Protein chains: 2
Amino acid sequence: MELSERKLKILQAIITDYVTCAEPVGSRSIAKKFDLGISPATIRNEMSDLEEMGYLTHPHTSAGRVPSDKAYRLYVNTLMMKTHLTKVEKNIISNRLKSNVSEFELRIKDAASILSEITNLTSFALTPTKNDDVLKFIKLLPVDQKTVILMIVSSKGKITNTALKISVPFNNDNLELLSKNMTYNYQGRTINEVLKDSIIKDVHLDISAMSLLADNVMPNFMKTLEEMLNVNLYMEGLTNIFNIPEYNDLKKAKQFLEMLDKKEELTKRMLEREDGIIVTIGEENLDETMKDCTVITATYHIDGKPVGKIGVIGPTRMKYDEVTSIMEYLSENLSSAFQLECKEGDEEEND
Amino acid sequence: MELSERKLKILQAIITDYVTCAEPVGSRSIAKKFDLGISPATIRNEMSDLEEMGYLTHPHTSAGRVPSDKAYRLYVNTLMMKTHLTKVEKNIISNRLKSNVSEFELRIKDAASILSEITNLTSFALTPTKNDDVLKFIKLLPVDQKTVILMIVSSKGKITNTALKISVPFNNDNLELLSKNMTYNYQGRTINEVLKDSIIKDVHLDISAMSLLADNVMPNFMKTLEEMLNVNLYMEGLTNIFNIPEYNDLKKAKQFLEMLDKKEELTKRMLEREDGIIVTIGEENLDETMKDCTVITATYHIDGKPVGKIGVIGPTRMKYDEVTSIMEYLSENLSSAFQLECKEGDEEEND
DNA sequence: TGTTAGCACTCATCTTTCTCGAGTGCTAAT
DNA sequence: ATTAGCACTCGAGAAAGATGAGTGCTAACA
C-alpha cells in the first residue's frame, strides 16, 4: 500500500491533534477540526489503512487512533515544518543567555533552565568535554607556608585550581621553576595525552629538593586533570512531567524520575549521541527505560567545535517542530555566547 | 489530665509502631506487640485520653490512632533515645567522606548523597556561607594578549577565578602592580565589607594606564565577589519519596517535589535555621508547603565555626532517633574532614 | 470505484451498590 | 480500676450497571 497525499494529510492531522490534546483521535473529530473535504467514514477507512501500515495504533476497539513511533519518525523527517520562533521567544532566549553570570558552568545550567521553561519538558545540559582541550599553562602559587595553589589553564579557557598541602619546604623560586618546567612539558598536549602517556608522567628535575616538591605536586596534578575530564550533567524542569498526561500515574512518574536519577548512565548515553539536532523516538532509544520517551539533543560549539550538548526528554507525544526549532536557536545562541569570550587565544609563553 | 508513666509508654509504643508500619495503630495490635501487661480495652481508654490531650488523632471512627505533631515533639524532646550507629554504618560514612575527590563542593554534595542513602529520605546540603570569610590575596595572571585570569583566594581556602577579556594593553608588571595594590586594599576584609563599603570600591592609581586597567578589572572583581557569596544547595534522593506511603499519591508527590524545586526559597529558609541539630515537625514549619513534613538540619564546621548545613526532609512519620544520630555523626565527620585541609593558615604577604 | 450514511457492537470509564473487616466506644461484669 | 463482650462505624475494595465515544461493517449513492 502506498502513502497517498490524502493519507499523509490525515496522518498529519491526527498527529497535530494528538500532540496537543493527548487523547486518541477519532474520525469524527478529524473531519470536524480539519477541513479535509471528506467524511468521517472515509477517514475511518484511511485510518484503518494507516494502522495496517504501522503508522497508527489502537488502544482498544472503541478508542480513537494514536500515532506510532513510526508516524512521529515520518513526521519529523518529512511532514514537519520548521516553526519560526516569535520575537518574544527569541528575546527571552537571547536576553537570558546574555548572562550576568560570569561562571561558565552556571550559564550552561541556565541554558537548560531556559529550555525547560519554554518547552515545558525536562531538559538537561552537558558541560563541555575536554577530550581535545590542550593545556596552556600550569602555575603554582604560594598561599601560606604549607599550602600551594595548583592552577591549570587549558586552551578553551577552562581554569581549574586546587589548594594543595605540601609537606616539604618550598619557596617562590621553587614553585616558579616547577611551574615553568611543568608548563614546558605539558603545554600543547591534551589532557588525555598527559594522563595516558606514562612516559611523561614524571617531571624530572636535577635538584633533589625540587624533585621532592614535584613528588608532592604530581599526584594532585594528575588527579586534577582527571577531574577536569569530568562532564557535568545539569537537569532542569523535573517537575514538569507532572503536567504531562502520559505521566499522570504514580508508577510512570516514578519510573521516569528514577531513570533520570541515574546521572552517570544518562551522561554516558548522551555523550554517545551524534552532533547536531538528534531526535530519537520511543523504540529508537537504545535504553530500555526510555522506550516510551523521545529524546532530542542539540550541540553547542566552542571555537567552532561541538563540545557539549543540551537536550530534552519527554513523552513521544511532543511538539517536534517547536521543540527542535527552539533547540536549534538556543544552541546556536549558546555557541555564540561562548564565542565572544573564548575566541582565538592560543599564543604561547606569557608567564 | 496528666501524662502518667503508662500513658507515656503507650504513646511511645504507638509512635514506634506507626513509624515503622505507617498504618494507624489499633489497641489490639499494641497489646499484642508490646508487653505492657494491660488489655486492649484499657489501652483504648488511655488512647482516648491521649487523643483528648492532643497527642493522637483519629482519621475516622473505625481506624486506629496516629501520633500528632505534638506527640512527635514530645518524643523528640524527651522520649527518644539516641541510637548507636553500627560499625558498618559508621564505616560507610567515614569511608565515603574520605573522598578521593579534591573538589570542595563535590564533597559536600557527596555528604548529602550519603545522608539520603542511609536514611532513605530526601536530603540536601548547603555549601558554606562566606559572609565572614576574609580575602587573603588577589592575583591577576596573564593568559594571552587580551585575557587575564582574576584569582581571589579567601582565608577559608576558597579559590575563585574568572577569565577576563581586557580591552586595554597590559603587561606583566602592570598586572603584578595591580594585584599587589588590590591585595593591599582588600586583604583581611570580608567579602561583604568590600562589596558594601563603596569608599574602597575603587583602586586609585597614579599612572593613567594602570587606572584604565583597573577600570577593566574592578567591575568583574565585584561581580566575582558577589558570586562568591552565593550558597549552593545540593539535593539528593528526590526519588526516595516514591517509596514513602505518605506520598503514594500523585498529587502529594507532585506537591512535595515542586516544593523542593524552589531552591532559592528553600536555601533561604534553611539558612535562617539555627545551628546544631534542629528538628521542625509538621505545623512547626513556617513554610505553608512544609506543614506536613519534618525537616531536620545539622551544621558542619570549618575552623570551628558553623558555616554550612546538611539536612533531610520527609514525612513527619520518620525514625527521629536514627536520623538525628546519623546526622550528628555525619556532620561531625564532615567538619573534621574539612578541618584537615583548611586548618590555620592565616599568614600574610606571600606573593 | 470511491464515498458516505446508518447501525450494531465494543470497551474503557464513571457511578453506584454491596460486602468485609479492623477498630472503636460503651456497658456490664470482675 | 480493669476487662470481656458486643453493637456500631466507616473506609477500602469488589461487583454490577450505565454511559458514550468510536469503530467496523454493510448497503446505498454518485
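Chain naming here is simple, since letters A, B, ... match the order of the sequence lines and numbering starts at 1 in each. Since the model is a prediction, treat every value here as computed from it, not as a measurement.
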Check: Are A/S27 and D/dG22 close enough that a side-chain N or O sits under 4.0 Å from OP1 or OP2?
Finding: no
Check: Starting at CG of A/N45 and ending at C1' of C/dG6, how long is that distance when rounded to a whole Å?
Finding: 14 Å
Checklist line | Earlier contact from the 5' end, DNA chain D, for B/T61 and A/S29 | finding: B/T61
Check: Taking the nucleotide of DNA chain D with the closest heavy atom to each, which residue, B/A41 or A/P24, is nearer the 5' end?
Finding: B/A41
Checklist line | Minimum-distance nucleotide to B/R44 side chain [options: C/dC26, D/dT9, C/dC11] | finding: C/dC26
Next item on the list: Round to the nearest Å and state the distance from A/I30 atom CD1 to C/dT4 atom P.
Entry: 15 Å
Note to self: So that I can tick it off, tell me whether A/E46 and A/R6 are bridged by a salt bridge, with the cut-off set at under 4.0 angstrom between side-chain N and carboxylate O.
What the structure shows: yes
Next item on the list: Measure from CG on B/D17 to P on C/dG23 and round the result to the nearest Å.
Entry: 10 Å
Next item on the list: Decide whether a cation-pi geometry holds between A/K252 and A/Y247; the criteria are a distance under 6.0 Å from NZ or CZ to the six-membered ring centre and an angle within 45° of the ring axis.
Entry: no
Check: Do the charged groups of A/R96 and A/E117 touch, with an N to O distance under 4.0 Å?
Finding: yes
Notebook entry, point to check: Over how many whole Å does the gap from A/R6 atom CZ to C/dT4 atom C1' extend?
Noted result: 12 Å
Margin query: Side chain of B/S39 only, heavy atoms from C-beta on: which candidate in C/dT24, C/dT3, D/dT3 is closest?
Written below: D/dT3
Check: Do A/R28 side-chain and D/dG22 base share a donor-acceptor contact under 3.5 Å?
Finding: no
Item checked: d(CG, A/L50; P, D/dT23) in whole Å -> 13 Å
Note to self: Could you check whether B/D321 pairs with B/K82 (Lys NZ or Arg NE/NH1/NH2 to Asp/Glu carboxylate O, under 4.0 Å)?
What the structure shows: no
Notebook entry, point to check: Would B/K268 and B/E265 satisfy salt bridge (Lys or Arg N to Asp or Glu O under 4.0 Å), going step by step from the backbone distance to the final call?
Noted result: CA-CA 5 Å; B/K268 212 181 115 209; B/E265 211 174 311; over 6 Å; no
Next item on the list: Whole angstrom is fine here: how far is it from CD in A/E46 over to P in D/dG22?
Entry: 19 Å
Check: What's the closest nucleotide to the B/M47 side chain, out of C/dT24, D/dT23, D/dT2?
Finding: C/dT24
Next item on the list: Answer yes or no: side-chain N or O of A/S62 and base N or O of C/dT10 forming a donor-acceptor pair under 3.5 Å.
Entry: yes
Next item on the list: Starting at atom OH of A/Y18, determine the distance to atom P of D/dA21, rounded to an integer number of angstrom.
Entry: 19 Å
Item checked: Between P of C/dG2 and CG of A/L36, the distance in whole Å -> 19 Å
